Every structure is written in C-alpha cells, then in structure tokens.
Protein chains: 2
Amino acid sequence: MKRNTWQREAVREALDAREGFVSAQGLHAGLRDAGSPIGLATVYRALADLAVEGEADSLQSPEGESLYRACSTGHHHHLICRNCGLTIEIEADAVERWAQQVASRNGFTQAQHVVDVFGLCDACSLREAPGTT
Amino acid sequence: MKRNTWQREAVREALDAREGFVSAQGLHAGLRDAGSPIGLATVYRALADLAVEGEADSLQSPEGESLYRACSTGHHHHLICRNCGLTIEIEADAVERWAQQVASRNGFTQAQHVVDVFGLCDACSLREAPGTT
DNA sequence: AGCGAGTTTGACAATCATTATCAATAAGGA
DNA sequence: TCCTTATTGATAATGATTGTCAAACTCGCT
C-alpha cells in the first residue's frame with residue numbers, strides 16, 4: 001500500500017510552487033535550501049511516482065536531464081521559452097488525433113508521442129537581435 | 001580545417017546501413033564487431049559532427065540516451081518502434097504549421113519543435129500480449 | 001494506546017552514458 | 001618528403017540516476 005509521508009508532500013508542494021520545469025537535482029537543492037532534510041534519492045523516487053500517477057509531467061531537456069513540472073490533469077504539451085524557461089501548456093486535440101492516426105496507419109499500436117515546441121517568448125525575442133550569428 | 005579520416009567515413013557508412021535509430025554505444029559496438037578498431041570517443045565525436053552538419057538526425061530516447069540516424073535532407077519527424085527500433089520518417093506539413101501557429105499566437109519566435117511518435121510496430125505488437133502484466 | 005508487518009527513507013555505492021585529457025598518429029598542403 | 005596541426009583513442013573524470021540495505025516510520029489492528 002502507498003503510504004503518506006511528509007517527504008512526498010514536500011516534493012509535491014515544491015513542484016507546485018515552481019513556474020516551469022525543474023530537474024530532480026534542482027528540486028532537491030531547493031528543498032534543502034528551504035531547510036528540509038529530505039534525501040536526494042527520495043526526491044527522485046517521489047518525482048517518478050508523481051509522474052506515474054499523472055500529477056507531474058516529465059520531459060527530457062536537450063541535455064538529457066529529466067525535467068518535471070506540476071501538471072494539471074490530462075494530457076497536453078508545452079511551449080517552452082528556451083531562454084527564460086517560461087512554459088505554457090498547450091492543448092492539441094488535433095495533434096493527438098494526428099499522432100494516433102499516423103501510428104495506426106503504419107500498423108503501430110500503443111502510440112505515445114513527444115510533442116513540444118521550443119522558442120523565444122515575447123520578452124526574450126526582443127533582446128536576442130534577430131540579426132546574424 | 002576538417003580532415004578526412006577513415007573513421008569518420010566508417011561512422012557515416014555504419015549509420016547509413018542502419019534501419020532505425022542507434023545509440024553511439026550501439027554503433028560503436030557494431031563497428032567493433034565488423035572488425036573496426038575505431039574508438040568509442042571517436043564515434044561520439046563523429047556522430048556529433050554529423051548531427052551538426054545536418055547529415056544525421058538526433059533525438060533522445062525515453063531512457064535519455066541520444067540516438068542518431070542517417071538523415072535525408074529536410075525537416076521531418078519519426079515514428080519509432082520502441083521495441084525493435086524500426087523507424088519510419090513522417091512528413092507533417094500540418095504539424096509544422098500548427099507548431100508555428102501555436103508559437104506565434106503566444107508571442108514566441110524562432111520556434112523549433114520536437115515531434116516524435118513512439119509505439120509498437122506491427123510485428124512487435126503481436127508479441128507483446130496486450131493483456132495483463 | 002500499543003504492537004507488528006511491511007513500506008519508505010536516506011547515505012552511499014554502483015552504474016551508465018557522455019565528455020575531457022593528452023600524448024601519439026596521420027592528413028594535407030608546401 | 002616534411003611540417004603543421006587536426007584527429008584519434010585509451011582512460012580518467014563527470015554527472016545524473018538507480019540500487020542497496022539497515023533503520024525509521026506508517027497504518028491497520030487489537
């Protein structure tokens with residue numbers, strides 16, 4: 001049976017408090033800073049659990065780290081500013097259907113998909129001159 | 001200046017010979033099996049180069065490994081069997097437009113996107129009994 | 001409240017992919 | 001051919017993540 005520990009709560013809350021995606025390491029560091037004596041391994045486990053239970057969303061940063069984010073229920077995707085980290089949840093029924101369709105049309109089953117858009121948000125767009133490299 | 005070495009060629013060829021995505025480790029193992037004395041670090045470097053030059057496509061497996069694949073020119077996405085690695089290139093003008101639209105509607109610029117579908121291919125679907133664990 | 005079984009924790013070791021190091025090698029121009 | 005210098009490769013280093021296992025804690029039960 002799944003037990004209720006303050007550690008698990010702490011992770012859930014810390015995740016809720018964040019704006020964008022965090023790495024397990026980062027979240028752990030934050031908790032430690034806040035005075036929590038929680039262990040690193042525990043944070044990893046809690047995040048993995050949350051992801052499985054659908055309370056957290058996870059994705060891989062381009063560098064290969066696993067990032068997590070508090071997740072409203074349901075399946076959705078993200079629009080992420082690659083400069084400041086701002087994250088916007090996007091729904092995409094059309095894309096869901098498309099993915100499903102592409103899969104089955106090719107004989108694939110149990111389709112999952114990775115659909116994320118990275119870019120520069122409004123604010124960051126202004127700073128990075130769109131000129132030459 | 002960029003020099004021409006048989007190692008670089010070997011990697012390019014080995015990549016071309018593959019059906020789906022391979023990890024650097026996997027490709028290196030294959031080359032070694034084929035009798036090549038090529039080094040692991042070299043394979044990593046060659047693959048990274050090929051990816052930069054646009055001759056290879058790279059993505060992250062759900063487990064966090066970097067996978068590579070010989071890439072015809074142009075932008076496209078993939079339908080990947082998570083069991084046997086079979087990969088099908090898919091074009092998706094609709095998705096391209098959608099991504100672009102979502103981005104600009106939210107004030108984002110320079111949008112890139114990650115769109116990949118993982119599933120079980122026809123053949124593998126049959127083996128994995130869709131029943132209980 | 002007290003007990004007991006079994007889950008969870010956490011410090012640390014182990015693993016695994018990837019990158020850095022650096023002396024030796026080899027490519028390509030002169 | 002000779003020289004300059006990019007490239008190679010064995011290995012160490014890094015860094016995230018997972019496994020280990022005794023001790024601590026939860027929760028149901030009495």
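No hydrogens, no waters, no symmetry mates; every other heavy atom, side chains included, goes into these values. In what follows, chains carry the letters A, B, and so on, assigned in the order in which the sequence lines appear, proteins first and then strands, with residues in each chain numbered from 1. Note that the coordinates shown come from a computational prediction; the quantities given were computed from them, not determined experimentally.
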By nearest nucleotide on DNA chain C, pick out whichever of A/Trp6 and B/Gly64 is the more 5' one.
A/Trp6
Output the single nucleotide from D/dT17, D/dT7, C/dG10 whose closest atom is nearest the side chain of A/Ala41.
C/dG10
Looking at B/Glu89 and B/Arg69, is there a salt bridge between them, counting it only when a charged N and a carboxylate O are closer than 4.0 Å?
yes
Presence of A/Thr5 side-chain N/O under 4.0 Å of C/dT9 phosphate oxygens OP1/OP2:
yes
Using heavy-atom distances to pick each residue's nearest nucleotide on DNA chain C, tell me which of B/Tyr68 and B/Asn4 is more 5'.
B/Tyr68
Side-chain heavy-atom pair A/Leu59, B/Val114 within 4.5 angstrom cut-off:
no
Can you check the B/Leu27 CG to C/dA17 P distance for me, whole Å?
14 Å
Determine whether B/Asp49 and B/Lys2 make a side-chain contact, defined as any pair of heavy atoms from C-beta on separated by less than 4.5 Å.
yes
Can you figure out which of C/dT18, D/dT4, D/dG9 approaches the side chain of B/Arg3 most closely?
D/dT4
Whole-Å gap separating P (C/dG29) and NZ (B/Lys2):
16 Å
Using a heavy-atom cut-off of under 4.0 Å over every strand shown, decide if B/Arg8 touches base, sugar-phosphate, or nothing.
sugar-phosphate
Just the rounded figure in Å: distance from P of C/dA17 to CG of B/Leu40.
10 Å
Once rounded to the nearest 0.5 Å, what's the spacing between atom CZ of A/Phe21 and atom CG of A/Leu15?
9.5 Å
Take atom CD of B/Glu9 and atom P of D/dT7, then tell me their distance rounded to the nearest Å.
14 Å
Between CG of A/Leu31 and C1' of C/dT9 the distance, given in whole Å, is 15 Å
We want to know whether B/Gln100 and B/His113 form a side-chain donor-acceptor pair, criterion being a heavy-atom distance below 3.5 angstrom.
no
For a quick test of reading the model: is some side-chain N or O of A/Gln7 closer than 4.0 Å to OP1 or OP2 of C/dG10?
yes
For the pair made of NE2 in B/His28 and P in C/dT18, what is the distance, rounded to whole Å?
13 Å
Can you tell me the distance, in whole Å, between the CG atom of A/Asp49 and the C1' atom of C/dT9?
13 Å
Using a cut-off of strictly less than 4.0 Å, decide whether B/Ser66 has a side-chain nitrogen or oxygen near OP1 or OP2 of C/dT18.
yes
Phosphate oxygens OP1/OP2 of D/dT18: is one of them under 4.0 Å from a side-chain N or O of A/Tyr44?
no
Heavy-atom distance under 4.5 Å between the side chains of B/Val117 and B/His77, does that happen here?
no
Would you mind reading off the distance between B/Leu47 atom CG and D/dT8 atom P, rounded to a whole angstrom?
12 Å
Return the nearest nucleotide to the side chain of B/Gln25; candidates are C/dA11, D/dA16, C/dA17.
C/dA17
Remember a base hit wins even if backbone is also touched, and classify B/Glu65 as base, sugar-phosphate or nothing at under 4.0 Å, heavy atoms.
sugar-phosphate
Residue list, side chain to side chain contact (heavy atoms under 4.5 Å, CB included) with B/Gln101, at least two apart or on another chain
B/Arg105
Is it the case that the base of D/dG19 and the side chain of A/Arg45 share a donor-acceptor contact (distance under 3.5 Å, atom types as modelled)?
no
At their closest point, which heavy atom of B/Cys81 faces which heavy atom of B/Cys124, and how far apart are they?
SG-SG, 3.7 Å
When the C1' atoms of the five terminal pairs at each end define the local axes, what inter-axis angle does the helix from C/dA1-D/dT30 to C/dA30-D/dT1 show, to 10 degrees?
30°
